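Below is one structure; the comments refer to it alone.
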Amino acid sequence: MSELLIFERGQPGRSASAQFPRHESAHELPAQFVRSEPPLLPEVSELDVVRHYTRLSQMNFSIDTHFYPLGSCTMKYNPRGCNSFASLPGFTQRHPLAPESSSQGFLTCLFELQEMLKSVTGMAAFSLTPMAGAQGELAGVAMIRAYHVDRGDIGRTEIIVPDAAHGTNPATATMCGCTVKEVPTRADGDVNLDVLRELVGSQTAGIMLTNPSTLGVFDKNIKAIEEVIHAAGGLLYYDGANLNAILGKVLPAEMGFDVMHINLHKTFATPHGGGGPGSGVVGAGETLKPFLPIPVVGTTANGYRWLDEADLPKSIGRLSAFMGNAGVLLRAYIYMRLLGREGLERVADYAVLNANYVMVQLRKAGFDIVFPDRRASHEFLVTLKRQTKSKGVTAMDFAKALLDRGIHAPTTYFPLLVPECLLIEPTETESKQTLDHFVAAMTEILAEAASSGAQCKDAPVTTPVKRLDDVRAARQLDVRYQPPETDGGAQIVNAAAD
Amino acid sequence: MSELLIFERGQPGRSASAQFPRHESAHELPAQFVRSEPPLLPEVSELDVVRHYTRLSQMNFSIDTHFYPLGSCTMKYNPRGCNSFASLPGFTQRHPLAPESSSQGFLTCLFELQEMLKSVTGMAAFSLTPMAGAQGELAGVAMIRAYHVDRGDIGRTEIIVPDAAHGTNPATATMCGCTVKEVPTRADGDVNLDVLRELVGSQTAGIMLTNPSTLGVFDKNIKAIEEVIHAAGGLLYYDGANLNAILGKVLPAEMGFDVMHINLHKTFATPHGGGGPGSGVVGAGETLKPFLPIPVVGTTANGYRWLDEADLPKSIGRLSAFMGNAGVLLRAYIYMRLLGREGLERVADYAVLNANYVMVQLRKAGFDIVFPDRRASHEFLVTLKRQTKSKGVTAMDFAKALLDRGIHAPTTYFPLLVPECLLIEPTETESKQTLDHFVAAMTEILAEAASSGAQCKDAPVTTPVKRLDDVRAARQLDVRYQPPETDGGAQIVNAAAD
Amino acid sequence: MPFIPHTDHDTQLMLQAIGVDDINSLFDEIPDELRCGKLMGVPTAISEYEVGRLMRRQADKDRVELNFLGAGAYEHHIPAAVWELTTRGEFYSAYTPYQAEASQGTLQVIYEYQTMMASLTGQDVSNASLYDGASALAEATLMAVRVNRASKSRRVLIPQSVHPHYAAVTKAITASQSIELVQIPYDPNSGQTDLAALRSHAGTDITAVIIPQPNVFGVLEQVDEFADWAADQGALGIALVNPISLGLLRPPGEWGREGVPIVCGEGQPLGVPLSSGGPYFGFLTCREALVRQLPGRLVGRTVDRDGKLGFTLTLQAREQHIRRSRATSNICTNQGLMVTAATIYMSLLGPQGLRRVAAESHAKTRGLAAAAAMIDGVEPAFTAPHFHEVVLRLPVRAGAVIEKMRRQGILAGIALSSWYPELENCLLVCATETKTDADLHTYVQALGQQIEASRAAS
Amino acid sequence: MPFIPHTDHDTQLMLQAIGVDDINSLFDEIPDELRCGKLMGVPTAISEYEVGRLMRRQADKDRVELNFLGAGAYEHHIPAAVWELTTRGEFYSAYTPYQAEASQGTLQVIYEYQTMMASLTGQDVSNASLYDGASALAEATLMAVRVNRASKSRRVLIPQSVHPHYAAVTKAITASQSIELVQIPYDPNSGQTDLAALRSHAGTDITAVIIPQPNVFGVLEQVDEFADWAADQGALGIALVNPISLGLLRPPGEWGREGVPIVCGEGQPLGVPLSSGGPYFGFLTCREALVRQLPGRLVGRTVDRDGKLGFTLTLQAREQHIRRSRATSNICTNQGLMVTAATIYMSLLGPQGLRRVAAESHAKTRGLAAAAAMIDGVEPAFTAPHFHEVVLRLPVRAGAVIEKMRRQGILAGIALSSWYPELENCLLVCATETKTDADLHTYVQALGQQIEASRAAS
Ligand SMILES: Cc1ncc(COP(=O)(O)O)c(C=O)c1O
Ligand SMILES: Cc1ncc(COP(=O)(O)O)c(C=O)c1O
């Protein structure tokens, strides 16, 4: 199975002309403004387009077609109703700058979403504007900095981040003009408190933490961590990417966090769309509430309205041209209404049940669990260090061998500190039958790896392409199609060595 | 690639409960009315359902994924806009018995559709109620019979049908209580006029004809045929399945036909849906107009209304519970508006161009064209008699070998009178590039067949299953799943020998 | 050129290959005198955008808030997943699965559908659909006549309580095969078929008996007595049922001593939108022994060359494309896509969901009837238990009330007098699980108000 | 349990395998004092049907007939095929294509997208999207600062004619990296950036210059002069463009003598619905030499083991998951699905379609402006040529007119005075190809009427 590029399907002069305006008026623009060469866009029929992109879609693994236990990503089922109702014309055709008087339906949903998010986190207020987790982090760290600056405490420019943290955490700290201090993880998976105590000081702006961590364990010392940070004058940022594990069990605010984001595209089942869009709504306790990014939905006597600079003068400002990924927010709202209080409380129950079940079954099957003495949160780590050593079969080989069995690979090589690891997150929407199937596939691969391992190294063979040459991709950079005529014999070659 | 049955995915007690009413009221119905055992329906989650049917869909060839040159079926592109606009809530939620006062939007579309259909056929009136071509035929033949009876000419019970006719033609005649007389085809593909002259008489109710015929040729003697039938007191029925070939070139009414149907799912691009729904709207000249099935859309001072028994007392009556496949009619309406007059006229141009091009290219490649001296209409016939004789490679083998090349097979073994035939219809929405690809694939198979043929006989090998045992399917009839517990060890076995 | 991919260059190359100068030459076998002019009755092309605006305008005209109409087409909740999956191009734009290996998706869907429908109706075999409920009744009637060779009369008893449109379609389709449809009246008190009237046909040669459950009034018939009587007469029973009701009600396969061997009905309630009456689909199921007289397509499970299970169309020798004038029916294209939707719908609902939908619809209609009966002058027309429709007798003309309630955004029901002149002032009302208590309240309020107004006016 | 497939039996077996008694035991590492109570702020579950009704009610409240708003979000015709394909489960429910072999569909789409955007903007490389237009401008600014190592000032010139929200976002995101944003005023007559004011910065150390085309007023800037001046100063040019306009307008890669090396903007007009402001997507393209400072994902074409072409994420060492605190940006999840939609949109439109959409939008706005100018007291605020938006100066307060026209079902435009106090009574209006001549007429009629009324009232 392979598919030409859409450009290669085309012919000069072909078009899907039912999609055009029927006429083209003369424009009278001065020539200096006008394009002389048409852009390289496909010249194809509507059938060409439909056939091409339908076929391409079939070349993807997805939740709708495959089990997708990608750790840290929470690939749970995206209820189809969320898409249908968020796509009602009243929502999709609403202009972002429509007057509030013709926006009450939309604002009602967003206000209620803010309220529900407060309830599931214990935070005092939410801003819905961040467009992904990383932007939520940026908002949060910017708020922490603004808070310190607002108090005249301008020397606090260090952000502490565990070594196991997601890459967005340190990257965000840098974007906010902070320096990053790494705190190591202890052998049991918890943060090393002793080192932490040494790291903090008058330069500490705060710490970024997710709990349960990206190692799949709940840090039992969270209260002690809080004390250390708060005592040092820093604030605590909660990376809510792993909220799925504790929904209805613990409130981040009660763990002592001052600000947090939630990945609605993880815990609240909005789709990942092949890489986005997401939403990284940001919540704050009383301390940081004045600094939330604008706009926020507030109430008036007549209904709802946008709160802006005038209402929130200490706000860190605006993070998106309008108000963030509205369509994603609506999907999360619908999802929460569908599940309700009782359904949300069940999410963590079954996410954690599934993770612990798979962990136990894999251990029984002979896999090395990274934290064998800990409960799995909604995810857990397996390491294939032993297999790599003995037969050269790596975590990557396991990942690819799973693809051949119709299962998307778990997250590989993350967190970076665990060698040859797979981070496995089944989510609550997968059934025992699917999990058993996964365990069986893993066991089969383990057996293969234990014999020769050759088969794993060849995998995948059932996918549209076999294992790809990533080095060549970076060395001989080919990031756009160039039609043969204008090609001059080569793509951009050696533009960058990675 | 294979997929469990949805029943096998389930577990007792699992459900997609967001889809239920949340409560179940007690019903107080007397026990004798109430079911004691639940039906065998799947017990699955919403994710189970989505994953299962998404995967099943991927196991289909379709226009949206493959070239589909299935003769007589006119597998042209179904514009996506037709689906979107016909699915607007105002249409999908409209109850069939809604008062006319809240139906003017819908009735406007249908009335205009009737008018457009009159224009493209020359007929005097249309009824939109028949739900597929075969039901349109039933309407037409019933109208012919009703006409004769109305005139007191009750002995006319014979329907003449060419030997090449589609199976629905003779089957329809029988359903209308008529006897079928077959008229043979001459070597050049036209109807044998001499035999026809002998067949007609005072018992002749009429003839059912499609022109161009299912042999892919336009019968040049159509006017002579008309004279013979009309002179004998019979009427002419036009099977409009092949209208795509003559749209804007010839009007069936001007060829002398008294009544006809159109397969909207062929010429007017409504989707085939894996076997339906279609629409077989029926049109009549002045003679048969009073006999059209009800309801028909008419006008009043205030807009549009349904014409019923009271308006059309001679009508053959009602053929569907309400008014036929409304959603299909809307799609055809939208399609005609998108193409417009000029677009509809182009349909036949390019359908015929494509068919003749492929015919010529296949002939050059060494294939035996059944009517080499005729123009192809929108389709044409190839025979593999020679290949079957020499190497035992049949039309079926060619068909299956095409599947392995990502092309849906042409229609095989139809019309029945041509041995080892393929009826090839490219349609106007396919590009020269696609046709060239098809010719190349056919040529490649021809070469394989000329050498050993073994590869063709093994085909297909790239599909989810290999060649299926049709004989076993009929002999050991297994037409429903029976769960293992209740199975008693066997499916329905030998219920019927075919 | 919308939807035509040919560039001028392509066209030229193709004409050259064929050896003609222009496209028009390809039509040279058509006699000149037959060539027609422009299709002036068709407007000029408009763009997709323009068509979209036009259609939105038309669709908006017909939107109604609250719909209490039934009479053969029912509003139920359709899970969002149903049509998101059904309209996937691979289902939507495929043909009839003649090439089995390239159509396993569609074929497996149909096999699953057959399983569900057979079980729901208590039968062994289901076909792959017919056009709609009414034409399915006609086909079931023809099938029964073919099956019951012992009977020579071709007389089929059809209760008056069968939907009048169904009776009309059955008549139109069976008319020319000299089948006699004999009407059996209903009991004006209970709303059930008058069994005494039925029994008056005892001893005559009867080919088949049609048994509706529920009947057009929403009333539950005495199906056991009906079925047994038919069996006693050597007549074939044909059940005409609402598939949602079978989530709760006893399936025809279990009616009476032996069950009824042929079952048909309208599949629309199973996940198909109201859509002005179509596309819907007719279902038809039967006992195993009758399968060779079953019209329509049938999918069977078999094995491929490697012994792997797979699906294919089977027993095609019953069908028109093989047996031509001796086929069991002329049906070819059926309602495949609707079957896909229904299969997905039934999978999502499952046995529990279907029962709940049935029970809730029943409860809502009971609630509505009870509340309406509190209005002065309004009463249920019939005494027998009903499923999810009820006939209310009003103290004023039903038609007038309907038109007034429509202006309030409520489709109040169907005035039965146009079908049953004796049922003057009678309104056929349906409430399914889609109606909330607030909706019922709105309805009853409006009904009371309009009756009041009508009375005041007269 | 909605969306949870566990039967009690399954759960029991799983707990047994784990060796605990109940699910709650699995949370035993969480300190008791941290365990929270019920989520009382969340209402109890409702069914999909109920949610559907609720959402329909909310959505219907906000429906408007005619929308003439622009200012960064534009209504264009979106072909039906775009979202029917984009929401296919395989695109919709997939993750970031980290496992390349299992994600060739998404990867190829992005590669095609990169090709289209690079060509549209006249650049070599496009990333795989950023969040939206405003954050793309912020990222472009940060990128320019990283690229232009010769400049030490971190001063970036930003015309006042850049959308104020874009300026605000750029400020918020770049604030803590000690980047100085210096505003350049616009000429109150032409509506273009005041080049004299720009030139007053000559000779100072300027890191980058932002060049909007068209600017927030819909006005076309003198981009050649702009670009050349920036190059002369050793400052990097950052073009901020509307992608639809590039169907007609000269691409930034060709501005001035050398072209501008970084281009960003809002992708929404390319097939993404208005949707209250998101999800949209930001695009960012650049010259080949700058690729290593490009933030966001990038897809490259390579070969597999058998030498077959395939696609994979490449140059990941720029990204946060590899380079962590030294990454080019913190962006991880981007707006992938929107990119899919835009790629399909651009494929359907092609070069001809895109030019027509641009030209028609331009023509419609011209037509509207001309007709509006016939109203007594209404005049265009600026003299320079515009693309598909125009600022009208009214004789009365714009806000009042807007509110009144809204009641007539028309969103009349944006009152600019809240962003630009000096632009009192000014209305920013946009008409795209979606507006018919009749729509323009309706608009101008209503505008005249409401101005009349406002005058009479005052
Ligand atoms: C633990 C963690 N933190 C942060 C993020 C960043 O979220 P996003 O990708 O939405 O920017 C992710 C997502 O991958 C994550 O898993
Ligand atoms: C020539 C011809 N006539 C009649 C029919 C019957 O039409 P339908 O399948 O819609 O009943 C067909 C369709 O296959 C056909 O090709």
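Only this structure's heavy atoms are used, side chains among them; waters, hydrogens and symmetry mates stay out. For clarity, every value in this text was computed on a predicted model and none was experimentally measured. Per chain, numbering begins at 1; letters A, B, ... match sequence-line order.
Remark: the backbone N or O of A/S320 is not paired with any side-chain donor or acceptor of D/Y166 at under 3.5 angstrom. With hydrogens and angles ignored, the 3.5 Å screen pairs a side-chain donor or acceptor of D/Q114 with a backbone N or O of A/V479. Remark: the backbone N or O of A/L40 is paired with a side-chain donor or acceptor of D/S119 at under 3.5 angstrom. Remark: side-chain polar atoms of D/Q104 are not paired, donor with acceptor, to backbone N or O of A/L56 under 3.5 angstrom. Looking at A/Q93, its side chain never comes within 3.5 Å of a backbone N or O of D/P273 through a donor-acceptor pair.
When all heavy atoms of A/R35 and D/G247 are compared, the pair lying nearest together is CD-O, 4.4 Å. For the residue pair D/G52 and A/F85, the shortest heavy atom distance occurs at CA-CZ, 3.4 Å. The shortest non-hydrogen separation linking A/L5 to D/E112 is CA-OE2, 3.5 Å. Here the shortest heavy-atom pairing between D/A172 and A/L319 reads CB-CD2, 4.4 Å.
Checked by atom type, the side-chain pair A/R341/D/T44 shows no donor-acceptor distance below 3.5 Å. A donor-acceptor pair shorter than 3.5 Å can be found between the side chains of D/E360 and A/S25. Side-chain contact annotation: A/H408 with D/Q99, donor-acceptor N/O pair under 3.5 Å absent.
Remark: D/I18 CD1 to A/R375 CZ distance equals 8.0 Å, nearest 0.5 Å. Atoms CG and CE, from D/D132 and A/M131 in turn, are 3.5 Å apart once rounded to the nearest 0.5 Å. Here the CD atom belonging to D/Q320 is positioned 5.5 Å from the OG1 atom belonging to A/T168, to the nearest 0.5 angstrom. Taken from CG in D/D28 to CZ in A/F218, the straight-line distance is 11.5 Å, to the nearest 0.5 Å. Taking CD1 of D/I331 as the start and CE of A/M175 as the end, the distance is 8.5 Å to the nearest 0.5 Å. From D/I4, atom CD1 reaches atom OG1 of A/T429 across 8.5 Å, with rounding to the nearest 0.5 Å.
If you measure heavy-atom distances from D/L26 to chain A, the contacts under 4.5 Å come from both the backbone and the side chain. At a 4.5 Å heavy-atom cutoff, the contact between D/F311 and chain A is made by backbone and side-chain atoms alike. Of the two parts of D/L85, only the side chain, counted from C-beta on, holds a non-hydrogen atom closer than 4.5 Å to a non-hydrogen atom of chain A. Interface residue A/H166: backbone and side-chain heavy atoms are both found under 4.5 Å from chain D. At a 4.5 Å heavy-atom cutoff, the contact between D/N67 and chain A is made by side-chain atoms alone. Contact of D/L246 with chain A is made through backbone and side chain together, with heavy-atom distances under 4.5 Å. Residue contact with chain A, scored on non-hydrogen atoms closer than 4.5 Å, involves the backbone and the side chain of D/P2 alike. With a 4.5 Å cut-off on non-hydrogen atoms, D/D306 touches chain A through its side chain but not through its backbone. With a 4.5 Å cut-off on non-hydrogen atoms, D/S178 does not touch chain A at all. Residue contact with chain A, scored on non-hydrogen atoms closer than 4.5 Å, involves the side chain of D/E433 exclusively. Interface remark: D/I23 contributes side-chain atoms only to the contact with chain A (heavy atom separation under 4.5 Å). If you measure heavy-atom distances from D/L120 to chain A, the contacts under 4.5 Å come from both the backbone and the side chain. Heavy-atom distances place both the backbone and the side chain of D/Y92 under 4.5 Å from chain A. Residue contact with chain A, scored on non-hydrogen atoms closer than 4.5 Å, involves the side chain of D/R297 exclusively. For D/T343, the parts lying under 4.5 angstrom from a heavy atom of chain A are both the backbone and the side chain. Of the two parts of A/Q361, only the side chain, counted from C-beta on, holds a non-hydrogen atom closer than 4.5 Å to a non-hydrogen atom of chain D.
Counting heavy-atom pairs under 4.5 Å between each of D/A359, D/A168, D/G89, D/P279 and chain A puts D/P279 at the top. In terms of heavy-atom pairs under 4.5 Å with chain D, the best-connected choice from A/D64, A/V360, A/N60, A/T174 is A/N60.
The existence of a salt bridge linking D/R356 and A/E24 is confirmed by a sub-4.0 Å separation between a basic side-chain nitrogen and an acidic carboxylate oxygen. Ion pairing between A/K466 and D/E101 fails under the 4.0 Å rule for side-chain N and carboxylate O. Here A/D478 pairs with D/R301 in a salt bridge; the nearest charged N to carboxylate O distance falls below 4.0 Å.
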As a quick check of understanding, evaluate side-chain hydrogen bond (donor to acceptor under 3.5 Å, both in side chains) for D/Q335 and A/N325, giving each step before the final call. CA-CA 10 Å; D/Q335 307 284 118; A/N325 284 338; 3.2 Å; yes
Could you check A/M59 against D/T106 for side-chain contact (heavy atoms from CB on, under 4.5 Å), going step by step and ending with a plain yes or no? CA-CA 8 Å; A/M59 292 162 74; D/T106 290; over 6 Å; no
Show, in sequence, the C-alpha distance, side-chain angles and deciding distance for A/S101 and D/R406, and conclude whether the side-chain hydrogen bond (donor to acceptor under 3.5 Å, both in side chains) test is met. CA-CA 9 Å; A/S101 47; D/R406 186 192 69 78; 2.7 Å; yes
Derivation of the side-chain contact (heavy atoms from CB on, under 4.5 Å) call for A/R337 and D/V42: CA-CA 8 Å; A/R337 297 301 307 264; D/V42 180; over 6 Å; no
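Here A/S103 pairs with A/R94 under the side chain to side chain donor-acceptor pair (under 3.5 Å) rule; sequence neighbours left out. By the side chain to side chain contact (heavy atoms under 4.5 Å, CB included) test, D/T302 pairs with A/L468, A/D469, A/R472, A/A473, D/T312, sequence neighbours left out.
Ring geometry, D/H165 versus A/F322: the interplanar angle exceeds 60°, so the pair is classed perpendicular (tilted spans 30 to 60°).
Considering only heavy atoms from C-beta on, D/S93 stays 4.5 Å or farther from A/H272 through its side chain.
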